[in-house]
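Notes for the one structure printed next.
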Protein chains: 2
Amino acid sequence: MFSTTCQYAIRAILYLALNTDDNHKIGADVLSEELEMPKHFLAKILQQLTKSGFVSSSKGRNGGFYLSDKDKASNLLEIIYVIDGPSRFENCILGLKECSGKTPCPYHSDVQTFRRDFKSKLQNETIFESAKRIAENNLTLNINH
Amino acid sequence: MFSTTCQYAIRAILYLALNTDDNHKIGADVLSEELEMPKHFLAKILQQLTKSGFVSSSKGRNGGFYLSDKDKASNLLEIIYVIDGPSRFENCILGLKECSGKTPCPYHSDVQTFRRDFKSKLQNETIFESAKRIAENNLTLNINH
DNA sequence: TTTTAATAAGACTTAAATATCTTTTTATCT
DNA sequence: AGATAAAAAGATATTTAAGTCTTATTAAAA
């Protein structure tokens, strides 16, 4: 469903939402260990998200990545779209160029129902709310934490 | 969700189910044009499925690929497992190594529900039944047909 | 003001999936 | 028997995603 890059992005964002704010930053180095992701690769993803305005960062000593309150008001779908684009939610599951309600493939309706619901969940829940839900329900972003 | 290879396999199998039997074969050449797939690539996929016992073929002049009645009694899940393996239905959507009912990721339950239903649809419907459903409901395996 | 530790940027490498090309084998038709 | 047309097999090529490495920039601490 999501590219590896996008999976890293989602987990990183949610981790940042849970553990950082304007006064608590975290380095790509530490973050990559916490989430067990390749360091430099994660750094590049975070830089892309910083450029796109979904993550905040500060350079130099004591610098790091974090989510401001404003960052936490965004939603995961926006972030997914920056990384993977909308194609993952739109492309036919059998790879047909034309597949819609009018000319559906044999599995169009099954998939479409799920996608619609999942997409709106990702869109309607703010990062802040996601973090809250994760904390309250003890959900995991990594085995060991 | 599925690899390109697997998408080709599914569409090819269903096309064969609709258009072939013991006395009506089709060549990889024609099939690749009908379904707009790379010829040699499709041929390799069909050869793999023939080896695995899901597709029948005959070599030499007037040869080709086809589905026998026995072939049509199998289900798509088996074929998907031959090509992509079970991982596509099992791997965590966020890429976590451990993600289950006990230690769920933030989207585990949403995804799990869909997967269970979709998987059992693929498993419980024979290729023959799929073909019937496709014919009756005018579903598409390719834009132009 | 120099050192240090962080992000930023971009070049480079590796691995996997996808696609193509060539040769071999086999069955059928002429 | 020879020509033909198909699958089978396997080698090679291309493309894309994933991952790594190196250098530049920046800001704070010493």
Side-chain angles (χ1 to χ4, degrees), chain A residues 1-12 16 20 22-33 35-68 71 80 82-85 87-88 91 95, chain B residues 1-12 16 20 22-33 35-68 71 80 82-85 87-88 91 95:
Chain A
M1 174 105 204
F2 300 129
S3 69
T4 302
T5 306
C6 195
Q7 293 176 335
Y8 290 163
I10 293 170
R11 288 168 58 207
L16 291 176
T20 70
D22 286 326
N23 323 305
H24 301 85
K25 306 170 186 176
I26 187 172
D29 212 329
V30 175
L31 190 52
S32 75
E33 279 176 18
L35 295 176
E36 298 184 275
M37 294 173 188
K39 187 164 75 174
H40 294 292
F41 194 34
L42 171 62
K44 287 189 72 168
I45 297 167
L46 290 174
Q47 282 159 27
Q48 187 187 353
L49 292 175
T50 302
K51 255 192 172 175
S52 319
F54 294 105
V55 168
S56 300
S57 73
S58 65
K59 287 171 89 168
R61 239 193 191 196
N62 297 351
F65 294 97
Y66 63 101
L67 293 196
S68 66
D71 293 334
I80 290 163
V82 165
I83 306 283
D84 277 347
S87 62
R88 305 263 170 172
N91 285 355
Chain B
M1 173 106 202
F2 300 129
S3 68
T4 302
T5 305
C6 195
Q7 293 176 335
Y8 289 163
I10 294 170
R11 289 168 56 208
L16 290 177
T20 70
D22 286 325
N23 322 307
H24 300 85
K25 306 168 186 176
I26 187 172
D29 211 329
V30 175
L31 190 52
S32 74
E33 279 176 18
L35 296 175
E36 297 185 273
M37 295 172 188
K39 186 165 76 175
H40 294 291
F41 194 35
L42 170 62
K44 288 190 73 168
I45 297 167
L46 290 174
Q47 282 159 26
Q48 187 187 353
L49 292 175
T50 300
K51 254 192 171 172
S52 318
F54 294 105
V55 169
S56 301
S57 73
S58 65
K59 286 171 88 169
R61 238 193 193 194
N62 295 353
F65 295 98
Y66 63 101
L67 294 195
S68 65
D71 294 332
I80 290 164
V82 165
I83 307 281
D84 277 347
S87 62
R88 305 264 171 171
N91 286 354

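Letters A, B, ... mirror the listed sequences (proteins, then strands); counts begin at 1.
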Quiz item: What residues, two or more places apart in sequence or in another chain, satisfy ring-ring contact (aromatic ring centres under 6.0 Å, His included) together with B:F65?
Solution: none

Quiz prompt | Partners passing ring-ring contact (aromatic ring centres under 6.0 Å, His included) against B:Y66 (at least two apart in sequence or in another chain) | solution =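 Expected list: none.
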
Take the protein atom [atom1] of [X] and the nucleotide atom [atom2] of [N], then report the distance between them rounded to whole Å.
X: B:E36; N: C:dA19; atom1: CD; atom2: P; value: 13 Å
X: A:I45; N: C:dT7; atom1: CD1; atom2: P; value: 14 Å
X: A:F41; N: C:dC12; atom1: CZ; atom2: C1'; value: 15 Å
X: B:M1; N: C:dA17; atom1: CE; atom2: C1'; value: 18 Å
X: B:K39; N: D:dA9; atom1: NZ; atom2: C1'; value: 16 Å
X: B:D84; N: C:dA17; atom1: CG; atom2: P; value: 9 Å
X: B:H40; N: D:dA13; atom1: NE2; atom2: P; value: 15 Å

Quiz item: Can you list the residues that meet the side-chain hydrogen bond (donor to acceptor under 3.5 Å, both in side chains) rule with B:S56, with sequence neighbours excluded?
Solution: B:D71

Exercise. Only counting residues at least two apart or in another chain, list the ones meeting side-chain hydrogen bond (donor to acceptor under 3.5 Å, both in side chains) with B:S58.
Key: B:K25

[atom2] on [Y] to [atom1] on [X], rounded to 0.5 Å:
X: B:H24; Y: B:L67; atom1: NE2; atom2: CG; result: 14.0 Å
X: A:I26; Y: A:L31; atom1: CD1; atom2: CG; result: 5.0 Å
X: A:I83; Y: A:T5; atom1: CD1; atom2: OG1; result: 7.0 Å

Quiz prompt | Degree of bending in the helix from C:dT1-D:dA30 to C:dT30-D:dA1 once both end axes are built from five pairs, to 10° | solution = 10°

Quiz item: Which residue lies toward the 5' end of DNA chain D, B:F65 or A:L42, if each is placed at its nearest nucleotide?
Solution: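 Whichever sits nearer the 5' end wins; that is B:F65.
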
Close N/O contacts between protein and nucleotides 24-26 of chain C (under 3.5 Å):
{"unit_1": "C:dT26", "atom_1": "O2", "unit_2": "B:G60", "atom_2": "N", "d": "3.4"}

Quiz item: Do B:S68 side-chain atoms and B:D22 backbone N/O form a donor-acceptor pair below 3.5 Å?
Solution: no

Practice problem: Without swapping roles, check the side chain of B:D84 against the backbone of B:F2 for a donor-acceptor pair under 3.5 Å. | Solution: no

Quiz item: Do B:Y8 and B:P38 come close enough that some side-chain heavy atom pair is under 4.5 Å?
Solution: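 B:Y8 vs B:P38: side chains touch.
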
Quiz item: Counting only non-hydrogen atoms, which of residues 48-56 of chain A are less than 4.0 Å from DNA chain D?
Solution: none

Quiz item: Which ones in residues 25-32 of chain B lie close to DNA chain D, meaning a heavy atom under 4.0 Å from one of its atoms?
Solution: B:I26, B:G27, B:A28

Quiz item: Taking all non-hydrogen atoms of both residues, which atom of B:A12 and which atom of B:L35 are closest, and how far apart?
Solution: CA-CD1, 3.7 Å

Exercise. Considering non-hydrogen atoms only, spot the tightest contact between A:M1 and A:R88 and give its length.
Key: O-CD, 2.6 Å

Would you be so kind as to tabulate the donor-acceptor pairs closer than 3.5 Å made by side chains of residues 41-54 of chain A, with sequence neighbours excluded?
{"unit_1": "A:T50", "atom_1": "OG1", "unit_2": "A:L46", "atom_2": "O", "d": "2.7"}
{"unit_1": "A:S52", "atom_1": "OG", "unit_2": "A:Q48", "atom_2": "O", "d": "2.6"}

Quiz item: Tell me, which of residues 2-11 of chain A have any heavy atom that sits under 4.0 Å from an atom in DNA chain C?
Solution: none

Quiz item: Who pairs with B:D29 by salt bridge (Lys or Arg N to Asp or Glu O under 4.0 Å), at least two apart in sequence or on another chain?
Solution: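 For B:D29 the salt bridge (Lys or Arg N to Asp or Glu O under 4.0 Å) partners, ignoring immediate neighbours, are B:K39.
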
Practice problem: Under the salt bridge (Lys or Arg N to Asp or Glu O under 4.0 Å) rule, collect the residues that match up with B:K59, sequence neighbours excluded. | Solution: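 Salt bridge (Lys or Arg N to Asp or Glu O under 4.0 Å) list for B:K59, sorted by chain: empty.
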
Quiz item: Is any side-chain N or O of B:Q47 under 3.5 Å from a base N or O of D:dA7, one able to act as donor and the other as acceptor?
Solution: no

Practice problem: Taking only the side-chain heavy atoms of A:K44 (C-beta and beyond), determine which of C:dT20, D:dT20, C:dA8 contains the nearest atom. | Solution: D:dT20

Self-check item: A:S57 side-chain N/O to C:dA8 phosphate OP1/OP2 under 4.0 Å
Solution: yes

Quiz item: Do any side-chain nitrogens or oxygens of A:N62 fall under 4.0 Å of OP1 or OP2 in D:dA29?
Solution: yes

